[in-house]
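To start, the structure under review is shown below, and the notes come after it.
Residue numbers start at 1 and run along the sequence shown.
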Amino acid sequence: LRSVGLGGHRPAKKPILSELNRLRRLRWSRRWRSETFQDVHFSDEKRFCLRPDSRGYVWRLAGERYHPKFTHKTQQNGGGGLMVWGGINPNGVGDIIRLEGKINGQQYIDQVLNRVLKPSRRFRWTWQHDNAPIHSCKLVEDFLRKKKMTVIPWPPQSPDASPIENLWAKIQ
């Protein structure tokens, strides 16, 4: 197999996108393509699993990484492990916070936002988080509005658009 250019690889992870979500992502990228993101604080939660992933290997040619038959479809959550929240901006890595228990909007405010957006800190960044239910619930939206935080609207199923995903990949 190697003599014809095939190599053993793990399947690439790729979110399942509907046609509507593809269009929303395209519209979002056209709207934000001119932004430099120099004042954006990208944030996200990450679950680190205790068990190794058993996806196995696939044999494919170079350039076929994202071909559907060589990808492993993923969904968020699943399995035991440790959940953390982190943030990055052009100045570097921000706080990393261990999240305790099942997180809902109120716990997100208590465990993350109240710690990161302390009154003693002047937080001048535009906020970015994804469309997870804990981020998009009315309680969190109202909290951020009261704090006068500018929040970037985020297209559905777009984890690959956030640079913090690269940080998680490095420490995984």
Side-chain angles (χ1 to χ4, degrees), residues 12-50 66 73-172:
K13 292 182 178 181
K14 187 175 175 187
I16 300 169
L17 289 176
S18 67
E19 191 57 37
L20 178 59
N21 286 347
R22 288 175 206 259
L23 290 172
R24 288 177 176 161
R25 283 173 60 135
L26 182 60
R27 275 189 234 125
W28 182 90
S29 66
R30 287 181 178 152
R31 159 66 177 91
W32 291 94
R33 71 176 166 219
S34 64
E35 295 294 321
T36 62
F37 297 112
Q38 291 303 304
D39 66 342
V40 176
H41 188 83
F42 292 91
S43 68
D44 196 21
E45 296 80 25
K46 174 69 178 171
R47 179 188 254 341
F48 293 94
C49 295
L50 298 175
Y66 290 104
K73 303 298 186 243
T74 62
Q75 289 185 318
Q76 294 178 349
N77 303 326
L82 171 70
M83 181 73 94
V84 297
W85 175 93
I88 61 172
N89 58 55
N91 290 340
V93 177
D95 297 334
I96 293 181
I97 299 170
R98 181 177 181 178
L99 301 177
E100 302 290 338
K102 185 166 173 58
I103 304 297
N104 62 24
Q106 186 61 56
Q107 276 103 15
Y108 180 57
I109 291 170
D110 294 343
Q111 293 185 41
V112 175
L113 297 178
N114 278 329
R115 289 171 69 178
V116 175
L117 305 175
K118 292 178 185 173
S120 60
R121 282 190 190 173
R122 186 174 174 275
F123 197 90
R124 61 179 173 79
W125 303 99
T126 297
W127 195 260
Q128 180 281 326
H129 52 203
D130 58 26
N131 294 322
I134 64 169
H135 302 154
S136 58
C137 72
K138 184 166 176 31
L139 190 65
V140 170
E141 287 177 353
D142 290 346
F143 177 88
L144 291 171
R145 192 175 308 111
K146 286 177 189 170
K147 293 280 188 179
K148 297 183 169 98
M149 292 298 301
T150 303
V151 179
I152 294 177
W154 209 246
Q157 294 293 320
S158 299
D160 53 345
S162 178
I164 195 167
E165 298 299 335
N166 297 318
L167 175 64
W168 295 138
K170 293 280 186 199
I171 62 175
Q172 190 165 7

Next item on the list: Any chance you could measure D110, atom CG, to L99, atom CG, to the nearest 0.5 Å?
Entry: 11.5 Å

Item checked: Any D44 side-chain heavy atom under 4.5 Å of S162 side chain -> no

Margin query: Please check: side-chain N/O of T126 versus main-chain N/O of V151, any donor-acceptor pairing under 3.5 Å?
Written below: no

Note to self: Within the structure provided, determine whether I134 and E45 are in side-chain contact (heavy-atom separation under 4.5 Å).
What the structure shows: yes

Margin query: Nearest 0.5 angstrom please: I88 CD1 to S43 OG, how far?
Written below: 10.0 Å

Item checked: side chain to side chain contact (heavy atoms under 4.5 Å, CB included) assessment of W127 paired with L113 -> CA-CA 11 Å; W127 195 260; L113 297 178; 3.6 Å; yes

Notebook entry, point to check: From H135 NE2 over to N131 CG, what is the distance, rounded to the nearest 0.5 angstrom?
Noted result: 9.5 Å

Next item on the list: Kindly determine whether W125 and N91 satisfy side chain to side chain contact (heavy atoms under 4.5 Å, CB included), including the steps that lead there.
Entry: CA-CA 11 Å; W125 303 99; N91 290 340; 3.4 Å; yes

Check: Are Q107 and N104 linked by a side-chain donor-acceptor pair shorter than 3.5 Å?
Finding: yes

Checklist line | Closest approach of K147 to L117 (non-hydrogen atoms, all atoms of both residues) | finding: NZ-O, 3.6 Å

Check: If you look at every heavy atom in R24 and P155, which pair is closest and at what distance?
Finding: O-CB, 4.1 Å

Check: Given side chains that start at C-beta, do those of W154 and S136 come closer than 4.5 Å, heavy atoms only?
Finding: no

Next item on the list: Could you pull out the closest heavy-atom pair between G105 and C137, with the gap in Å?
Entry: CA-SG, 3.7 Å

Checklist line | Rounded distance (nearest 0.5 Å) linking atom CG of L144 with atom CG of L139 | finding: 10.0 Å

Next item on the list: May I ask you to test the R27-L23 pair for a side-chain heavy-atom distance under 4.5 Å?
Entry: yes

Next item on the list: Side-chain contact test, heavy atoms from C-beta onward, threshold under 4.5 Å: evaluate it for H129 versus Y108 and give yes or no.
Entry: yes

Item checked: Euclidean distance, Q106 CD relative to Q111 CD, rounded to 0.5 Å -> 10.5 Å

Item checked: R145 side, atom CZ; K138 side, atom NZ - distance, nearest 0.5 Å -> 6.0 Å

Next item on the list: Evaluate salt bridge (Lys or Arg N to Asp or Glu O under 4.0 Å) for E100 paired with R98, printing each intermediate quantity in order.
Entry: CA-CA 6 Å; E100 302 290 338; R98 181 177 181 178; 3.6 Å; yes

Margin query: To check you understand the geometry: which heavy-atom pair defines the closest contact between P156 and L17, and what is its length?
Written below: O-CD2, 4.3 Å

Note to self: Could you check whether any side-chain heavy atom of R115 comes within less than 4.5 Å of a side-chain heavy atom of D95, counting everything from C-beta outward?
What the structure shows: no

Next item on the list: Apply side chain to side chain contact (heavy atoms under 4.5 Å, CB included) to W85 and I103, showing your working.
Entry: CA-CA 11 Å; W85 175 93; I103 304 297; over 6 Å; no

Check: Would F42 and L167 satisfy side chain to side chain contact (heavy atoms under 4.5 Å, CB included), going step by step from the backbone distance to the final call?
Finding: CA-CA 11 Å; F42 292 91; L167 175 64; over 6 Å; no

